[in-house]
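The structure appears right after this line, and notes come after that.
Numbers here simply count residues along the sequence, with the first being 1.
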Amino acid sequence: MARSLMLKFVDGSSKECEVTGRNMGGTTTYYKPLWALKKGEVDWASKSSPDHTVIVKELENDKVVVDVKNNRGNLCGGPYELYVGNESRYSYMFGEWSYFFRLTLEWGDDKEFR
């Protein structure tokens with residue numbers, strides 16, 4: 001089983017429905033092996049698209065530096081410098097909606113990407 005460093009991106013939004021009280025929105029987790037990344041916008045190759053865009057600025061064997069933009073094209077903090085074991089988080093409100101993301105670089109099984 002091939003293991004490599006993976007960029008893990010947890011992207012989410014939340015809002016309580018005024019009628020039902022249920023949570024609208026949700027959280028989706030995306031993975032991309034470090035070897036498959038290149039400078040520029042990350043293509044997550046999934047059926048869903050995140051609320052935020054991750055843009056790779058620097059790439060090394062054990063580190064990645066990214067910017068994150070919201071769907072209006074505004075930067076969300078950053079740049080985020082990620083090494084194995086550290087985590088970067090960001091959250092904000094837009095109207096009644098709460099948005100957040102979490103970035104990590106971790107070891108994972110990349111067989112589905114080969």
Side-chain angles (χ1 to χ4, degrees):
M1 182 178 314
R3 289 182 55 82
S4 64
L5 283 176
M6 308 284 278
L7 177 62
K8 179 180 177 182
F9 180 57
V10 179
D11 188 57
S13 62
S14 176
K15 176 185 183 291
E16 184 177 302
C17 178
E18 298 86 359
V19 176
T20 65
R22 296 174 116 183
N23 182 33
M24 300 187 305
T27 303
T28 306
T29 303
Y30 302 88
Y31 293 92
K32 191 79 164 191
L34 199 60
W35 60 260
L37 291 174
K38 60 183 182 213
K39 286 187 177 179
E41 189 174 316
V42 176
D43 175 14
W44 296 105
S46 67
K47 294 179 183 176
S48 64
S49 59
D51 289 326
H52 299 90
T53 303
V54 177
I55 301 150
V56 175
K57 296 176 65 175
E58 294 178 40
L59 196 53
E60 296 179 18
N61 290 334
D62 62 347
K63 170 182 118 173
V64 64
V65 179
V66 299
D67 276 334
V68 180
K69 293 185 176 181
N70 62 22
N71 60 12
R72 301 184 91 186
N74 299 319
L75 282 175
C76 299
Y80 300 98
E81 187 173 66
L82 301 167
Y83 293 92
V84 175
N86 72 338
E87 176 180 274
S88 293
R89 298 172 174 245
Y90 190 83
S91 62
Y92 61 96
M93 298 288 294
F94 186 75
E96 295 181 5
W97 282 87
S98 170
Y99 294 92
F100 65 91
F101 60 83
R102 185 172 61 246
L103 291 156
T104 55
L105 193 58
E106 57 189 52
W107 289 101
D109 178 11
D110 71 349
K111 69 179 180 179
E112 65 202 63
F113 296 97
R114 296 240 177 231

Cluster overlap V54 with L59, hydrophobic side-chain contacts below 4.5 Å: yes

Hydrophobic cluster membership, F9 vs F100, 4.5 Å side-chain cutoff: no

Approximate separation, where rounding is to 0.5 Å, of M24 CE and E16 CD: 9.0 Å

Flag, side chain of K32 to backbone of D43, donor-acceptor distance under 3.5 Å: yes

D51 backbone acceptor or donor facing N71 side chain under 3.5 Å: no

Min side-chain heavy-atom separation Y99-N70 under 4.5 Å: no

Minimum side-chain heavy-atom gap D62-V84 below 4.5 Å: no

Set of residues satisfying salt bridge (charged side-chain N to carboxylate O under 4.0 Å, His left out) with respect to K57, sequence neighbours excluded: D67

Cluster check L105, V10: I/L/V/M/F/W/Y, side chain < 4.5 angstrom: no

Chi angles and distances behind the side-chain hydrogen bond (donor to acceptor under 3.5 Å, both in side chains) call for T28, D11: CA-CA 5 Å; T28 306; D11 188 57; over 6 Å; no

By side-chain hydrogen bond (donor to acceptor under 3.5 Å, both in side chains) - contacts of S49 (at least two apart): none

Partners passing side-chain hydrogen bond (donor to acceptor under 3.5 Å, both in side chains) against T104 (at least two apart in sequence or in another chain): E106

Any residue meeting side-chain hydrogen bond (donor to acceptor under 3.5 Å, both in side chains) with E18, in chain and number order, not counting sequence neighbours: K15

hydrophobic_cluster_shared for L75 and Y90, side chain cutoff 4.5 Å: no

Hphob cluster co-occupancy, I55 + F101, side-chain heavy atoms under 4.5 angstrom: no

Flag side-chain contact, heavy atom, 4.5 Å: K8 against T29: yes

Between CD on residue E58 and CG on residue L82, distance to nearest 0.5 Å: 11.5 Å

By side-chain hydrogen bond (donor to acceptor under 3.5 Å, both in side chains) - contacts of Y30 (at least two apart): S48

Worked verdict on F94 versus H52 for ring pair (Phe, Tyr, Trp, His ring centres under 6.0 Å): CA-CA 13 Å; F94 186 75; H52 299 90; over 10 Å; no

Atom pair OG1 (T27) and CZ (R102), whose distance is rounded to the nearest 0.5 Å: 8.0 Å

Qualifying side-chain hydrogen bond (donor to acceptor under 3.5 Å, both in side chains) pairs, either residue in residues 72-83, two or more places apart: K63-E81

Nearest atoms (heavy-atom pairs only) where W44 meets P50: CD1-CG, 3.8 Å

Separation between OG of S88 and CG of L103, rounded to the nearest 0.5 Å: 6.0 Å

